[in-house]
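Naming: A, B, ... by sequence-line order, numbering from 1 per chain.
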Amino acid sequence: MQVKNLIMKRIKIKELLQSKEFNKEFVIEGWVRTRRGNKNVNFIAINDGSTINNMQVVVDVPVFGEESLKNITTGACVKVKGLLVNSQGQGQTVEIHAKEILVYGTADTETFPLQKKGHTLEFLRTIAHLRPRTNTFGAILRIRHNMAFAIHKYFNDKGFCYVHTPIITGSDCEGAGQMFRVSTLDFNNLPKTEDGKIDFSQDFFGKETNLTVSGQLEGELAAMALSEIYTFGPTFRAENSNTPRHLAEFWMIEPEMAFYDLEDNMNLAQDFVQYLVKYALENCKDDLEFLNNMYDKELISRLEFVVNNDFKRLTYTEAVDILVKSGEKFEYPVSWGTDLQSEHERYLVEKHFNKPVILIDYPKEIKAFYMKQNPDGKTVRAMDVLFPKIGEIIGGSQREEDFNKLNDRIKELNIPTKDMWWYIDTRKFGAAPHSGFGLGFERLILFVTGMANIRDVIPFPRTPKNAEF
RNA sequence: UCCUCAAUAGCUCAGUUGGUUAGAGCAUCUGACUGUUAAUCAGAGGGUCGCAGGUUCAAGUCCUGCUUGGGGAGCCA
């Protein structure tokens with residue numbers, strides 16, 4: 001078709017769908033979801049990502065000519081100029097009567113993998129470069145954005161300072177598992193020391209370095225000056241974890257607060273998560289309704305329940321007691337001193353309390369060295385926030401600020417301290433009671449979207465044996 | 001990493017006890033239809049049955065190994 005005058009600025013479909021300016025000309029740009037019709041009239045559904053809803057473009061076929069519409073197939077990118085009118089059809093209130101159409105990019109119908117029909121999430125993972133164009137991933141990515149924004153808004157409104165902790169770390173005892181090595185050494189010709197080991201003094205940083213598994217230790221340093229801080233950045237774990245809840249590269253939010261005890265920490269964790277879920281309910285309604293209808297009929301009611309109900313708080317010891325007395329047949333027996341299994345956590349959250357649960361005061365043997373020791377000598381001021389379906393969404397604690405107790409614990413556990421002197425230093429100079437926690441961003445998105453697999457809530461998942469795209 | 005299930009058309013799946021030329025729906029293509037809504041209707045094309053071995057007169061089907069994916073477990077956020 002001849003394109004004469006398409007110089008008007010485009011309007012986003014989200015905005016135009018709410019417009020009442022009928023019989024006025026507008027320009028929209030987006031990707032074709034479907035075209036259907038007959039010799040006289042065609043209907044093109046166009047989506048530009050501003051909303052899950054499409055704009056229906058009505059085309060008078062004789063005016064444009066059938067041949068000129070052939071390129072307008074599912075997946076093509078177009079610019080349309082036309083009049084906004086009330087829709088005669090049932091599925092939408094307004095539509096565009098096309099005057100001019102420009103095809104920016106075609107999409108070959110034989111090879112474009114996305115169909116008008118639903119696809120499995122497994123298949124979409126194999127075409128992660130195209131899956132943002134589906135309703136499902138459009139919804140997830142918009143929700144993901146809204147949650148990232150709400151996280152910054154929440155902390156900013158509360159006076160927390162966003163601190164950028166390093167991605168590359170030189171300490172290997174951050175305490176959270178296997179790390180990815182960062183090196184510029186030639187792997188085919190590694191320099192060796194006299195006793196045959198790899199000579200990292202010749203590496204880029206002059207020492208062994210890895211990708212961070214947590215920004216907590218550096219976060220604590222900043223909290224010892226700014227009082228309330230948070231980090232929000234990528235985190236890397238080289239664990240060979242093959243589950244719907246783990247990624248090798250994920251995003252984590254780690255607030256760290258001076259002068260907070262464990263109860264303050266729990267209050268913050270609950271308020272924070274409830275704020276985020278409420279923000280989603282208020283700002284992502286269309287997307288949540290889509291996910292509710294397509295994937296999880298209880299999604300929205302579950303989100304509303306979390307916003308409106310306090311999380312159940314109890315100690316590890318009380319939880320073990322409940323589990324022992326439950327009469328439930330667990331695959332793994334419950335006993336004081338061992339870590340709770342997934343099935344135990346699920347029982348507490350999904351059967352016994354039927355609401356989010358915060359477990360505190362775990363045995364010190366199963367928790368990290370930096371957690372504050374209780375007077376009983378057996379437990380530490382740890383807290384895990386457990387959510388239905390996804391399990392642990394938050395892990396945190398009050399930190400041990402006593403120099404001697406921290407040092408004793410480090411010695412007991414034989415933790416190498418040569419790369420951590422700076423952390424221990426904070427307990428020497430103006431030590432303060434403080435607390436913090438880590439929230440797995442993708443696990444939050446799992447909960448908010450109702451998705452079942454963490455690979456479907458991040459654009460390009462990194463998992464063992466998979467770094468495609 | 002362990003346990004378990006699976007892999008057949010572009011997608012989702014069926015394929016009987018091992019037995020003739022491997023099927024369906026959707027998608028695609030062609031045509032029909034004056035307002036469709038995952039449009040509808042008619043017809044057509046489309047297969048190295050994940051890969052490599054093995055058993056057998058005969059393997060999509062049985063056996064072994066590998067690869068990839070799902071679910072469960074561990075590690076955790």
Review point. Looking only at atom C1', what distance separates rG45(B) and rG10(B), rounded to whole Å?
Key: 13 Å
Practice item. For rU48(B) and rG60(B), measure between their C1' atoms and round to the nearest Å. Key: 12 Å
Check your understanding: Between residues 339-360 of chain A and RNA chain B, which residues have a heavy-atom gap below 4.0 Å?
Key -> Gln341(A), Ser342(A), Arg346(A)
Exercise for review: Check whether the side chains of Glu15(A) and Ser50(A) place a donor and an acceptor atom closer than 3.5 Å, and report yes or no.
Suggested key: no
Point to revise | Listed partners of Lys329(A) passing side-chain hydrogen bond (donor to acceptor under 3.5 Å, both in side chains), at least two apart | key: none
Exercise for review: Identify, between Gly438(A) and Ala452(A), the residue whose nearest nucleotide on RNA chain B lies closer to the 5' end.
Suggested key: Ala452(A)
Check your understanding: Is there a side-chain polar atom (N or O) of Thr120(A) under 4.0 Å from OP1 or OP2 of rU12(B)?
Key -> yes
Review point. Is there a residue in residues 143-151 of chain A whose heavy atoms reach under 4.0 Å of RNA chain B, and which residues are they?
Key: none
Check your understanding: Is a salt bridge present between Glu25(A) and Lys99(A), judged by a nitrogen-to-oxygen distance below 4.0 Å?
Key -> yes
Review point. Using the ring of each side chain (for Trp, its six-membered ring), is Phe272(A) parallel, tilted or perpendicular to Phe437(A), with breaks at 30° and 60°?
Key: tilted
Check your understanding: Does OP1 or OP2 of rG35(B) have a side-chain N or O of Asn38(A) closer than 4.0 Å?
Key -> yes
Review point. Quantified in whole Å, what is the P atom distance between nucleotide rA7(B) and nucleotide rG15(B)?
Key: 10 Å
**Study point:** rA9(B) versus rA24(B) - spacing of their P atoms, nearest Å
**Key:** 14 Å
Point to revise | Integer angstrom distance from the P of rC3(B) to that of rA27(B) | key: 42 Å
Exercise for review: Give Ile253(A) one of three labels, base, sugar-phosphate or nothing, depending on what nucleic acid heavy atoms sit under 4.0 Å from its own.
Suggested key: nothing
**Study point:** Contacts of Ser87(A) that satisfy side-chain hydrogen bond (donor to acceptor under 3.5 Å, both in side chains) - sequence neighbours left out
**Key:** Gln92(A), Glu95(A)
Revision key, fill the gap. Taken to the nearest whole Å, CG/Leu124(A) to C1'/rG10(B) is 14 Å
Check your understanding: Is any side-chain nitrogen or oxygen of Lys39(A) closer than 4.0 Å to OP1 or OP2 of rA32(B)?
Key -> yes
Review point. Between Asp296(A) and Arg302(A), is there a side-chain N and carboxylate O pair less than 4.0 Å apart?
Key: yes
Check your understanding: Does Glu343(A) come within less than 4.0 Å of Arg346(A), counting only side-chain N to carboxylate O?
Key -> no
Point to revise | Residues in ring pair (Phe, Tyr, Trp, His ring centres under 6.0 Å) contact with Tyr162(A), at least two apart in sequence or another chain | key: His152(A), His164(A), Tyr230(A)
Revision key, fill the gap. When rounded to whole Å, the CD to C1' distance for the pair Glu66(A) and rU30(B) reads 12 Å
Point to revise | Distance in angstrom units between Phe123(A) CZ and rG10(B) P, rounded | key: 11 Å
Check your understanding: So, does the side chain of His246(A) form a donor-acceptor pair with the base of rG72(B) at under 3.5 Å?
Key -> no
**Study point:** Residues in side-chain hydrogen bond (donor to acceptor under 3.5 Å, both in side chains) contact with Glu228(A), at least two apart in sequence or another chain
**Key:** Tyr260(A)
**Study point:** Aromatic ring pairing Phe290(A)/Tyr295(A), orientation class (parallel under 30°, perpendicular over 60°, tilted between)
**Key:** perpendicular
Check your understanding: Hey, does the side-chain of Gln88(A) have a donor or acceptor N/O within less than 3.5 Å of a partner on the base of rU36(B)?
Key -> no
Review point. Could Arg144(A) and Asp287(A) be called an ion pair, given the rule that one side-chain N must be under 4.0 Å from one carboxylate O?
Key: no
Check your understanding: Which dot-bracket string describes RNA chain B (Watson-Crick N1-N3 plus N6-O4 or O6-N4, or G-U N1-O2 and O6-N3, all under 3.5 Å; [ ] crossing; | other strand)?
Key -> (((((((..((((.....[...)))).(((((.......))))).....(((((..]....))))))))))))....
Check your understanding: Are side-chain N/O atoms of Tyr370(A) and Gln216(A) paired as donor and acceptor at under 3.5 Å?
Key -> yes
Check your understanding: Taking the P atom of each, how far is rA59(B) from rU20(B), in whole Å?
Key -> 12 Å
Check your understanding: Across the strands shown, which category fits Glu249(A) at heavy-atom distances under 4.0 angstrom: base, sugar-phosphate, nothing?
Key -> nothing
Point to revise | Note: Lys389(A)-Glu350(A) ion pair, threshold 4.0 Å (strictly below) | key: no
Review point. Under 4.0 angstrom, heavy atoms only, what part of the nucleic acid is Gln56(A) near: base, sugar-phosphate, or nothing?
Key: base
Practice item. Report yes or no: is there a donor-acceptor pair, N or O only, under 3.5 Å between the side chain of Arg36(A) and the base of rA38(B)? Key: no
Exercise for review: Take Gly440(A) and Thr73(A), find for each the nucleotide of RNA chain B with the closest heavy atom, and name the residue whose nucleotide sits nearer the 5' end.
Suggested key: Thr73(A)
**Study point:** Sugar-phosphate only, base, or nothing, as touched by Tyr332(A) at under 4.0 Å among non-hydrogen atoms
**Key:** sugar-phosphate
Revision key, fill the gap. The side-chain hydrogen bond (donor to acceptor under 3.5 Å, both in side chains) partners of Asp271(A) (sequence neighbours excluded) come to Tyr154(A)
Review point. Between Glu66(A) and Lys70(A), is the closest basic N to carboxylate O distance under 4.0 Å?
Key: no
Exercise for review: Scan nucleotides 40-47 of chain B nucleotide by nucleotide, 5' to 3', and note B when protein non-hydrogen atoms come under 4.0 Å of the base, S if they reach only the sugar-phosphate, - if neither.
Suggested key: --------
Point to revise | Under 4.0 angstrom between Thr109(A) side-chain N/O and rC29(B) OP1 or OP2 | key: yes
Review point. Looking at rC11(B), does its base get a donor-acceptor pair with the side chain of His119(A) below 3.5 Å?
Key: no
Review point. Does Ser241(A) make a side-chain donor-acceptor contact with the base of rC75(B), cut-off 3.5 Å?
Key: yes
Review point. Does the side-chain ring of Phe250(A) sit on the six-membered ring of the rA77(B) base, less than 5.5 Å centre to centre and under 30° in tilt?
Key: yes
Would you tabulate the nitrogen or oxygen pairs shorter than 3.5 Å linking the protein to nucleotides 68-70 of chain B?
unit_1, atom_1, unit_2, atom_2, d
rG70(B), OP1, Arg125(A), NH1, 2.5

Practice item. Could you measure between the two C1' atoms, the one in rU1(B) and the one in rC76(B), and give it in whole Å? Key: 15 Å
Distances under 3.5 Å between nitrogen or oxygen atoms of protein and nucleotides 48-51 of chain B:
none

Review point. Does anything in residues 122-141 of chain A pair up under salt bridge (charged side-chain N to carboxylate O under 4.0 Å, His left out), and if so which pairs, sequence neighbours excluded?
Key: Arg125(A)-Asp456(A), Arg131(A)-Asp456(A)
Check your understanding: On a whole-Å scale, what distance lies between the C1' atoms belonging to rU55(B) and rG74(B)?
Key -> 39 Å
Practice item. Determine the contact category for Thr34(A): base if any of its heavy atoms lies under 4.0 Å from a base atom, sugar-phosphate if only primed atoms, P, OP1 or OP2 are that close, otherwise nothing. Key: sugar-phosphate
